[in-house]
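Chain letters run A, B, ... following the sequence lines, proteins first, then strands; residues in each count from 1. Values below: all heavy atoms of this structure, side chains included; hydrogens, waters and symmetry mates excluded.
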Amino acid sequence: MGVGALSVWEKSSTARVTAPARPRKLAKVPFVELADGRLQGVVSSGSDIGRVYVSSVAARTYAFACSTNNNRPCGGARGMFCKHIQALVAEAVLQYGAERVARYLAVEPPDGEPTAQSITGAMSAERPEKGDASAAAQVFSRFLRQLAYLEREPVTAPLPEMQWFPPTRAVA
Amino acid sequence: MVPPDAGGGLMRGDLLSDPVEGLDEALAVVDAFDEALVAGLLRPGPAQAAGVSGLAGAVAGTPLAARVAEAAEKAAAGTGGEDHFVALAAARSALLGSVHDALVQRIDEAVGRPVEGDETAGPEPLAAAPEEAANLLAAARSWLCDLARGGWRGLDHELVAGAAPVVAAMLPEPGMRRRAALLDGFAAELAASCPGATLERVPVRRWADLWSRALLLTVPGSAGAGAVGTVTGRLLPLGVDVQEHATAVQAQVHAVLEPAGGGAPRLVRASVSAPKPDTVVGAGLWQLLRPRMSLLGAVGEGRSAEVEAMPVTAEGDLLWDDALARTGEPADAFATARVMLSAATAARVEPLDRHPVRIAVPVLLEGYAAREGEDGLAFEVAGRLLAVDTDRMPAAGPLTPEAVAASHACVGLLRWDAGKFLLQPLAVETTVRKKTVAVHAGAWAGGTSDKAGVRAEKAATDAVAVLRERAGRLLRT
Ligand SMILES: [Zn+2]
């Protein structure tokens, strides 16, 4: 039949495709994701508890954007990464591991082993352009959607399909 | 009914490593179809057309034959409609159902366990889904069919994002949780794998499984699991199995039910699940689930529970309600396993739900030798190796791969994946300073005083507090 060449991983119903998030403190950066070809997330304002910034860095070009949830541009993100983007990279490294973040952004820090600092440094050295902030609304709404999950009651009717989602002890 | 080795719970390890007749043939048909989904069914080439037709050939002698033959013909020509894709998913599911049945039969022989009779009535047919739900199911189906046309290699963010509004609309509906949890987990995985064109490797069977499962669940009335009766008696926990993806978690307590007033003990499960933000992990999972099911606390303390008129499904799932249960006397999982497991009857999985991934049979193993090999840990049982899946043990618990490797008795779930049987440890007995000590994967389910556990609980409490604070400010503005 021309098949039979599938590997064990390809034939596994429970193959692990994504590693779970590592636990981290959420006060500064409550939401981080590697999605849509960007590292993006939500950063709490240090001065106004009602305000958050939606920040992002694109893979490969490192084009960056930062604006408030009300669509006002961030004053710190003019010609370079603002402190929100720096915090975003640092927390992404905690959540996903430096290697996965570096791989996703296509960053090769000069001194081998990536760290949050070397990833930010390597990207800054490329003098990235300011990117467009049009995806901010989508990122913010995904964050809100996840927050809303906390308000859903647990149920005790079995979810048989969760059998396809075993946990893993492996970290990202 | 009680086999001669009752109490010992010994397993015929040789039966688990012998080939199962017909398995390879059925799985080859599944693989060929699954590979067709990699490139997609928009413009199928000859190999894909063959993969789709193979499915029709394999169910030729069944009641599905005519519908699947038509579906395969259309799909192979690139003109498959939604009903055709559903028919193909049904055929694939029937094949994997037969694989499930063959494997379960082999396990029954190896474990020597009586099977519950089929005299129980089937679940009550659910009332027809309301119109709104029907719209949601149609939206899910349309998204899944687009996926099949584009194939895993054709994945892009725009396509994958189509699932988000469907999931968001399903979540508030408790009756839709099953579908929402599946679609959400599946879509998150696809999103993390975009663009499909540059993927290094594709989880071929897994995604075809999730796709066909989700598609079959778009048929109204498909997500049954209604109660068929109630049970009263003493519930003796064996252990806790946890499942999770980025935005959902489920804990299932496997237990032996000793019916009040006598009768054969039964294997049952009690489940609790919740959606969650992706940053709630580890001990945070227990914290989300604990308040909804007191049984988690009882398990953590090593106690039994008394249940009265607790609803139960045909598959042996208790529909847990704290008002119908109270925590009972201390109960040792190993004592339960040694005394009752081999005589406890197991319910069958409903025909539509049968798939090898559903196999999770509680077993007791003793007198094995732990072997660390290239493919990880294995127990040598009766001269054969049984792989041990330590990766499935929840991180927020005291049971570690090291403890399993040093153990001499194990209560676990017998599973099957990617061509072989596996043992998932739920608890082990090890010897510490000449004393036998039991370590349970779910020991922290109800909370813990363990130092590392307390730290994990605190971190999780803080994380959820931050998220709730953010939700309070941002969700209602
Ligand atoms: Zn900023």
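When A/S13, A/P166, A/S12, A/A21 are compared by the number of non-hydrogen pairs under 4.5 Å with chain B, A/S13 comes out ahead. Of the listed residues (B/E158, B/R201, B/E315, B/R213), the one with the most heavy-atom contacts under 4.5 Å to chain A is B/R201. Chain B forms the most heavy-atom pairs under 4.5 Å with one residue out of A/V32, A/V8, A/I49, and that residue is A/I49. Contact count versus chain A (heavy atoms, under 4.5 Å) is highest, among B/L210, B/D353, B/D462, for B/L210. Ranked by heavy-atom pairs under 4.5 Å with chain A, the list B/G185, B/A274, B/P172, B/A246 is led by B/P172. Of all the listed residues (B/V242, B/L289, B/V202, B/L288), the one sharing the greatest number of non-hydrogen pairs under 4.5 Å with chain A is B/V202. The candidate with the highest count of non-hydrogen atom pairs below 4.5 Å against chain A, out of B/E469, B/R269, B/M393, is B/M393. Most heavy-atom pairs under 4.5 Å with chain A, from the set B/D184, B/V249, B/L27: that is B/D184.
Residue-level contacts of residues 82-89 of chain A with chain B do not occur; threshold 4.5 Å between heavy atoms. Applying a 4.5 Å heavy-atom cutoff, the residues of residues 37-48 of chain A that approach chain B are A/G37, A/S44.
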### Task
Apply the test side chain to side chain donor-acceptor pair (under 3.5 Å) to residues B/T400 and A/R169: give CA-CA distance (whole Å), side-chain angles for both, the deciding distance (0.1 Å), then the verdict.
CA-CA 10 Å; B/T400 59; A/R169 299 176 74 85; 5.8 Å; no

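Between B/F186 and A/E161, every side-chain heavy-atom pair lies at or beyond the 4.5 Å cut-off. In this structure the side chain of A/L26 reaches within 4.5 angstrom of the side chain of A/R24, judged on heavy atoms. The side-chain heavy atoms of B/D31 and B/R205, taken from C-beta on, include a pair separated by under 4.5 Å. The shortest side-chain heavy-atom distance between B/D209 and B/V357 does not fall under the 4.5 Å cut-off. Side chains of B/K276 and A/L150 form no contact here, defined as non-hydrogen atoms less than 4.5 Å apart. Side-chain contact between A/V57 and A/F81 is present, with heavy atoms from C-beta onward closer than 4.5 Å. Residues B/S222 and B/L216 form no side-chain contact, since every pair of their non-hydrogen atoms from C-beta on lies 4.5 Å or further apart.
For chain A, no part of B/D375 is nearby; none of its heavy atoms comes within less than 4.5 Å. Heavy atoms of A/A35 lying under 4.5 Å from chain B belong exclusively to its backbone. At a 4.5 Å heavy-atom cutoff, the contact between B/P203 and chain A is made by backbone and side-chain atoms alike. Both the backbone and the side chain of B/A164 come within contact range of chain A, each with at least one heavy atom under 4.5 Å from a heavy atom of that chain. With a threshold of 4.5 angstrom between heavy atoms, B/A463 approaches chain A through its backbone and through its side chain. With a 4.5 angstrom heavy-atom cutoff, A/R152 touches chain B via backbone and side-chain atoms both. For B/R177, the parts sitting under 4.5 Å from any heavy atom of chain A are the backbone and the side chain alike. For a residue to count as touching a neighbouring chain, one of its non-hydrogen atoms must lie under 4.5 Å from one of that chain's; by this rule B/Q252 touches chain A with the side chain only. For A/L144, the parts sitting under 4.5 Å from any heavy atom of chain B are the backbone and the side chain alike. In this structure, chain A has heavy atoms under 4.5 Å from both the backbone and the side chain of B/A248. If you measure heavy-atom distances from B/V272 to chain A, the contacts under 4.5 Å come from both the backbone and the side chain. If you measure heavy-atom distances from B/T390 to chain A, the contacts under 4.5 Å come from the backbone alone.
One finds a salt bridge joining A/R16 and B/D391 here, because a Lys/Arg side-chain nitrogen approaches an Asp/Glu carboxylate oxygen to under 4.0 Å. One finds no salt bridge joining B/R206 and B/D34 here, because no Lys/Arg side-chain nitrogen approaches an Asp/Glu carboxylate oxygen to under 4.0 Å. Residues B/R292 and A/E153 are not paired through a salt bridge, judged by the lack of any N-O separation under 4.0 Å between the basic side chain and the carboxylate. Using a cutoff of 4.0 Å between basic side-chain nitrogens and carboxylate oxygens, B/D317 and B/R178 are not scored as salt-bridged. Between B/E457 and B/R290 a salt bridge is recorded (basic side-chain N to carboxylate O distance below 4.0 Å). Between B/D241 and B/R415, at least one side-chain nitrogen of the basic residue sits less than 4.0 Å from a carboxylate oxygen of the acidic one, meeting the salt-bridge criterion.
The neighbour count for A/E151 CD, taken as heavy atoms of other residues, nucleotides or ligands under 6.0 Å away, is above 12. The environment of B/L324 atom CG is dense: over 12 non-hydrogen atoms of other residues, nucleotides or ligands sit within 6.0 angstrom.
The side chain to side chain contact (heavy atoms under 4.5 Å, CB included) search around A/K130 returns A/F64, not counting sequence neighbours. Annotation: ring pair (Phe, Tyr, Trp, His ring centres under 6.0 Å) contacts of A/W164 (sequence neighbours excluded): B/H355.
Relative to the six-membered ring of A/Y149, A/R142 misses at least one condition, a distance below 6.0 Å or an angle of at most 45° to the axis.
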